[in-house]
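Since the structure comes first, as structure tokens, the remarks are kept for the end.
All values below come from the heavy atoms of this structure, side chains included, with hydrogens, waters and symmetry mates left out. Residue numbers run from 1 in the order of the sequence given.
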Amino acid sequence: MAPMSSPAKIEPLGAVRERVLATLRQEIISGLLHPGDRLVERELAERFGVSRVPVREAVRALVAEGFVLFETPRRTVVRRLSPTDVKELFELREALEVYAAGLAASRATPEALAELRELLDQATAATLAGDAEAITDVNTRFHDRILALAGNSLLISVMEPVDGRLRWLTRQNEEWPQLLTEHRELYEAIASGDPARARTHALHHVQANYRSTVRHLFGEQPEQPAHAYQPDQPSDQPDQPSDQPSDQPSDQPSA
């Protein structure tokens, strides 16, 4: 009697949804799917060999993450980022990543710094090879590592909902040698253990990345986004003493 074959393993619906979602998200980030490209539920279901239900749920998740939008009830397309979208995302980066760099400078261990150096070595190799996919991946991991070094779980949780869109923006900046130089400078600032220096370099990096991204996406010189994080005062300019008299003393009687 021939042995009975084991039944095919059925993939849980949630796992199917996550597989479709992760694939489509990565295709948008990498540029395989372009802004304005249409996502047709039936075609995607056939492509992935699944029912329409997990595809529909994955598309809804992409809408929530800001990658796609419903132009009409029956037409879903990859979102076109507007100048306002880009500005708001970079203002968020400026507020959170600059703060994280300062924390990382004060908390990084020698082992953690060695991990950052290894990522810079990988970024150097990818930049020399002109490998856009590898550059995007390693640069994302470099920033993720700095965020982890900050040692603040709430900071990480705030970044998570927009992490995919930030990686999407990172992919738009193709000034790779300049990006590598800025990452090296940021690493040196963090390794110095000086939080103010790290914040200053992180601020410069985010703002330079913003200008490059806007030039690439819209072919124009952007206005600088509103400073969400102010750079530290130089150490050679001491704060004014609290008992310093005002130049214009008030002649109003005390209450």
Pair Glu175-Arg215, salt bridge (Lys or Arg N to Asp or Glu O under 4.0 Å): steps then yes or no: CA-CA 11 Å; Glu175 298 178 10; Arg215 281 196 301 269; 3.0 Å; yes
Do [X] and [Y] sit in the same hydrophobic cluster, where Ile, Leu, Val, Met, Phe, Trp and Tyr count as joined when their side-chain heavy atoms come under 4.5 Å apart?
X: Leu147; Y: Val158; value: yes
X: Val20; Y: Val77; value: no
X: Leu33; Y: Phe70; value: yes
X: Val78; Y: Leu166; value: yes
X: Leu169; Y: Leu179; value: no

Atom pair [atom1] ([X]) and [atom2] ([Y]), whose distance is rounded to the nearest 0.5 Å:
X: Leu120; Y: Leu113; atom1: CG; atom2: CG; value: 10.5 Å
X: Phe67; Y: Leu81; atom1: CZ; atom2: CG; value: 9.0 Å
X: Arg117; Y: Gln122; atom1: CZ; atom2: CD; value: 13.5 Å
X: Arg199; Y: Leu203; atom1: CZ; atom2: CG; value: 11.0 Å
X: Arg211; Y: Asn173; atom1: CZ; atom2: CG; value: 11.0 Å
X: Leu149; Y: Thr109; atom1: CG; atom2: OG1; value: 7.0 Å

When you check the side-chain N and O atoms of [X] and [Y], is any donor under 3.5 Å from an acceptor?
X: Asn209; Y: Arg93; value: yes
X: Gln172; Y: Thr213; value: no
X: Thr140; Y: Asp137; value: no

Do [X] and [Y] make a side-chain contact, defined as non-hydrogen atoms from C-beta onward lying under 4.5 Å apart?
X: Val63; Y: Leu69; value: no
X: Val214; Y: Phe90; value: no
X: Ser212; Y: Gln178; value: no
X: Glu71; Y: Arg38; value: no
X: Glu133; Y: Gln26; value: yes
X: His183; Y: Asn139; value: yes

Residues Asp163, Asp144; criterion side-chain contact (heavy atoms from CB on, under 4.5 Å); working and verdict: CA-CA 9 Å; Asp163 180 66; Asp144 287 347; 3.9 Å; yes
Pairing residues for Tyr187 by the ring-ring contact (aromatic ring centres under 6.0 Å, His included) criterion, not counting sequence neighbours: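 Tyr187 satisfies ring-ring contact (aromatic ring centres under 6.0 Å, His included) with no residue once adjacent residues are dropped.
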Close aromatic pair by centroid cut-off 6.0 Å: His143 and His205: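 That pair passes the under 6.0 Å test.
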Side chain to side chain donor-acceptor pair (under 3.5 Å) partners of Glu115, counting only residues at least two apart: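 Glu115 satisfies side chain to side chain donor-acceptor pair (under 3.5 Å) with Arg145 only.
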Which pair of non-hydrogen atoms, one from [X] and one from [Y], has the smallest distance, and what is that distance?
X: Ala150; Y: Ala100; result: CB-O, 3.7 Å
X: Glu182; Y: Ala208; result: OE2-CB, 3.4 Å
X: Ala198; Y: Ile190; result: CB-CG1, 4.1 Å
X: Arg107; Y: Gly151; result: NH1-O, 3.6 Å
X: Trp168; Y: Ile29; result: CD1-CA, 3.9 Å
X: Leu13; Y: Pro54; result: CD1-CD, 3.7 Å

Working for side-chain contact (heavy atoms from CB on, under 4.5 Å), residues Val68 and Ile28: CA-CA 9 Å; Val68 305; Ile28 294 171; 3.9 Å; yes
Passing candidate, salt bridge (charged side-chain N to carboxylate O under 4.0 Å, His left out) with Glu65, options Arg60, Arg25, Arg167: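 Of all the options given, the one that passes is Arg25.
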From Arg80, Arg165, Arg79, residue fulfilling salt bridge (charged side-chain N to carboxylate O under 4.0 Å, His left out) relative to Asp85: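 Only one option passes, and that is Arg79.
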Test item: Asp37 side-chain N/O and His34 main-chain N/O as donor-acceptor pair under 3.5 Å: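 Flag set: sc Asp37 to bb His34 pair under 3.5 Å.
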Arg17 side-chain N/O to Ala58 backbone N/O, donor-acceptor pair under 3.5 Å: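 No, the answer is negative, given that no donor and acceptor are paired below the 3.5 Å cut-off.
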Test log, rule side-chain contact (heavy atoms from CB on, under 4.5 Å), inputs Leu186 and Phe142: CA-CA 11 Å; Leu186 179 56; Phe142 179 81; 4.1 Å; yes
Step-by-step side-chain contact (heavy atoms from CB on, under 4.5 Å) determination, Leu96 to Met159: CA-CA 8 Å; Leu96 300 181; Met159 290 289 286; 3.3 Å; yes
